[in-house]
Amino acid sequence: MLKCIVKNKLDLTTMKKSTKIVSAGRDKKWTQGLVNPPVSRGSTVVFNSVKEMKQATAKRHDKTLFYGRRGTQTHFAFQEAMVEIEGGAGCALYPCGTAAISGALLSFLKHGDHLLMVDAAYEPTRDLCDKLLSRYGIETTYYDPMIGGAISELIQTNTKVIFLESPGSLTMEVQDSPAIVAAARAANQDIVVMLDNTWASPVNFSSFDFDIDISIQAATKYIVGHSDVMLGTAVANQRCWDQLRENSYLLGQCTSPDDIYLAMRGMRTLGVRLAQHQKNALEVANWLAQRDDVDHVRHPALASCPGNAFFERDFQGSCGLFSFVMKGGNQAALTALLDGMEHFKMGYSWGGYESLIMGVNGVEKLRTATQWKAEGTLIRVHIGLEDTSDLIADLDAGLARFNAAL
Ligand SMILES: *Cc1c(COP(=O)(O)O)cnc(C)c1O
């Protein structure tokens, strides 16, 4: 008789990313035998004996039902899935990406500390430093996204966090993350290196292979993937996990199990969606690059993007988000372009299945360590899952309106 070997637990460490995306967080203790972990709503958890309550209290950090704020099986399944896909030791959940960024920074910074923040940071990240951390006596120095190992010159004795966002928001500079991590480790072992890894998602840049301490996702974008949930995650390595978990808890961060369910549902198709976003975006980017009216395209996979060599070296792929600079431009031309678009709607955020477009005014005001010198109009697009011939026709007509209004 053949002996049947039943494995209780999948070994996710040896799997390819697309397999992990399908399999992660589907332990039977979360799914109860269904394919998807159910939505477990709850605030109060009731105990029948003092012993039971004491046991739950002792294990409250450990994916055990204790009180709704600490999560239910739905959250535990998603947290486990994020760690299995992205790496690290634990995943803290936040009601949006911005909360994940502020939660991670506030967990590690105190009065008198110094923060090194990339100059191309997402605008609300910059505002957090300038308007809130400054009030708490935390000093921020912005650094050139292309600084690489020379960041060691900016590290002070009180530097506690180095924050990266790669590629940068709007202008898309890809950072030399390994050089920055090496400089941090050489200067002071206590420095915590954090990365806003939203553009790459957990798929295209493996933060923990690069010794990043905390990898942050605006899960609102590609993980959710359908423009219907706000959510943030911060995955920490072993040395930072306890401090991140404890402080996020102190800040009262919690999320709805319904939102987590949708995020997990979105996550299952992350691999195929990203592959298609990548393909479509490269087609549109290359079409833009050969136009005479386009100055240059800032897509990390194109040589015209600052840090393209680091992208080629460190990333597994790209996605649907990039920007481009026109040779000329004014507000009337930009308005003529944007007002008539058929498929590209204007909207903040990105990462859903739909194409989006945005005219970026005033980048120069968002940079202090570097200068934005481009004279032409900067436009950011998110390339969705539509047929690229429709998208290119839409952009072609838009650029004709742009040029006619110049
Ligand atoms: C959108 C975004 C965020 C913020 O996420 P929200 O969920 O909208 O708060 C943070 N970082 C980057 C790079 C983003 O694009």
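As the structure lists them, so they are numbered: ligands from 1, and atoms in each ligand from 1.
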When the ring centroid of Tyr222 is compared with that of His277, is the distance short of 6.0 Å? yes
Strictly distance-based, threshold 3.5 Å: is any side-chain N or O of His75 a donor or acceptor partner for the main-chain N or O of Thr255? yes
Residues in side chain to side chain contact (heavy atoms under 4.5 Å, CB included) contact with Ala92, at least two apart in sequence or another chain: Tyr94, Trp241, Leu244, Ser248
Taking salt bridge (charged side-chain N to carboxylate O under 4.0 Å, His left out) as the test, write out the residues that go with Asp113, two or more places apart. Lys110
I'd like the contact residues of ligand 1, where contact means a heavy atom below 4.0 Å. Cys96, Gly97, Thr98, Ile101, Tyr122, Glu165, Asp196, Thr198, Ala218, Thr220, Lys221, Met230, Trp350
Any side-chain donor near an acceptor of the partner, Thr171 and Arg367, under 3.5 Å: yes
Would you please name every residue forming a side-chain hydrogen bond (donor to acceptor under 3.5 Å, both in side chains) with Asp295, sequence neighbours left out? none
